There are 2 protein chains.
Amino acid sequence: MASVDVVFSPAEPLPRADGWLVVDLLRASTTIVTFFERGGRRLLPVSSVAEARDLRRRLAGRWLLMGERNALPPEGFDLGNSPLELASVDLESFDGAVMTTTNGTAALLAAASRGGVVTVAAARNGLAAVARVSHCERVAILCAGLEGRPALDDTACAGGLVARLLGRGAFALSDGARMALALYGSAPLVDLVGLSRHGGRLKALGLEADLEYCCQEDCSNGTVRLVTWEGRPALEAF
Amino acid sequence: MASVDVVFSPAEPLPRADGWLVVDLLRASTTIVTFFERGGRRLLPVSSVAEARDLRRRLAGRWLLMGERNALPPEGFDLGNSPLELASVDLESFDGAVMTTTNGTAALLAAASRGGVVTVAAARNGLAAVARVSHCERVAILCAGLEGRPALDDTACAGGLVARLLGRGAFALSDGARMALALYGSAPLVDLVGLSRHGGRLKALGLEADLEYCCQEDCSNGTVRLVTWEGRPALEAF
């Protein structure tokens, strides 16, 4: 039987898998899904702010610089990590964006190092995202977590993805998958996320609207995968 | 307000805490609690099988050698890691036991390295164990996990400890504490543990009776803490 595993943070030893769903609900995954939904062409995830600035300088064409440190855009960035903020930009007029976020980028790159198809999953594109990996033998959902530790928000979202995967077929559940599923079943997603440390931090910064947007489920058909583009990791719609 | 955190495995970065509850439900924590309940005097936890053998040779007095690798006693050991097996030995006639287990020992030694009082908690002594740390400002529950990853059995037990702690006073809950509590509330402990990977492994070895014993809640008043004895870590009743 096919199986599904949930990994709570990239600090855990990563399992083998042929299909990855990477979750950074607040907010990288949601922002990435929204970026492509709004006509963005290509996203280049990098680890550090310095690398992001340097890469944008070296790229031909028009590229945006987006991302966050401590939930806010670093100096000189065009955009932060807010999905709602993307509405203010005509994404189609750019070749793409270079993106760095504290937890989400690291999780994407960790999954990529293990092989298999790597996709971005959020609550907004939950059903669409699981449809992309439901044929896989070993599905792994990697949560970005917060500061190297498991995060309530990502784990709850992962539990929702497990539930949607089970709606498409039979999967053996790992301990992590069972734990995430139990969490997801315990309360509405927006309530769980509102109680999370990361959710509290966004509220304190006045970003409740982002939080609510991130918790809306199954309202996007967009799917995103990690590929190699000109020798570096890149995200594109598929 | 005082706080309680749950750490799913020693692979996570450990928080600061002044009171630790270390959980390896299947079976080290349960065996340790039972050992002292049955008159055992002192337990010396060590990391490796070789170290356990060597230490027993060097100790004055009568010492048992107990522990497991892959759930079974290593060659030449007097006892495995079975709490029920302890009934076959007159523990009072020994000075104590040298113990090594795959996950539990590592978790105990990891907690000890962070300071604060370190106690052993299982389902059987849940209420008694939380009473020992309920005055602390920062309680941390460290789950042993399985092979460096979170385990359903330990996390469910940890959730039960969070519930019991909340019965004694107000504690701010970390993301990990909320996740464990939601898991514990989702089904009876014995059912959750029966679904866990570790539980399945014990059943496959014919150790269902151990599993059921480990899942009995609040039937022991025994509490156990980590101390230094003759320059090395030791467990004793308190």
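Computed from a predicted structure; not experimentally measured. Residue numbers start from 1 in every chain, and the chains themselves are labelled A, B, ... in the order their sequence lines are given, proteins ahead of strands.
Scanning residues 148-164 of chain A against chain B with a 4.5 Å heavy-atom cutoff picks out A:Gly148, A:Arg149, A:Pro150, A:Ala151, A:Leu152, A:Asp153, A:Thr155, ordered by number. Contact annotation for residues 101-133 of chain A against chain B (heavy-atom separation below 4.5 Å): no residues qualify. Within residues 13-22 of chain A, the residues approaching chain B closer than 4.5 Å by heavy atoms are, in numerical order, A:Pro13, A:Pro15. Residues of residues 167-192 of chain A lying under 4.5 angstrom from chain B, judged on non-hydrogen atoms, are A:Asp175, A:Arg178, A:Met179, A:Ala182, A:Leu183, A:Ser186 in numerical order.
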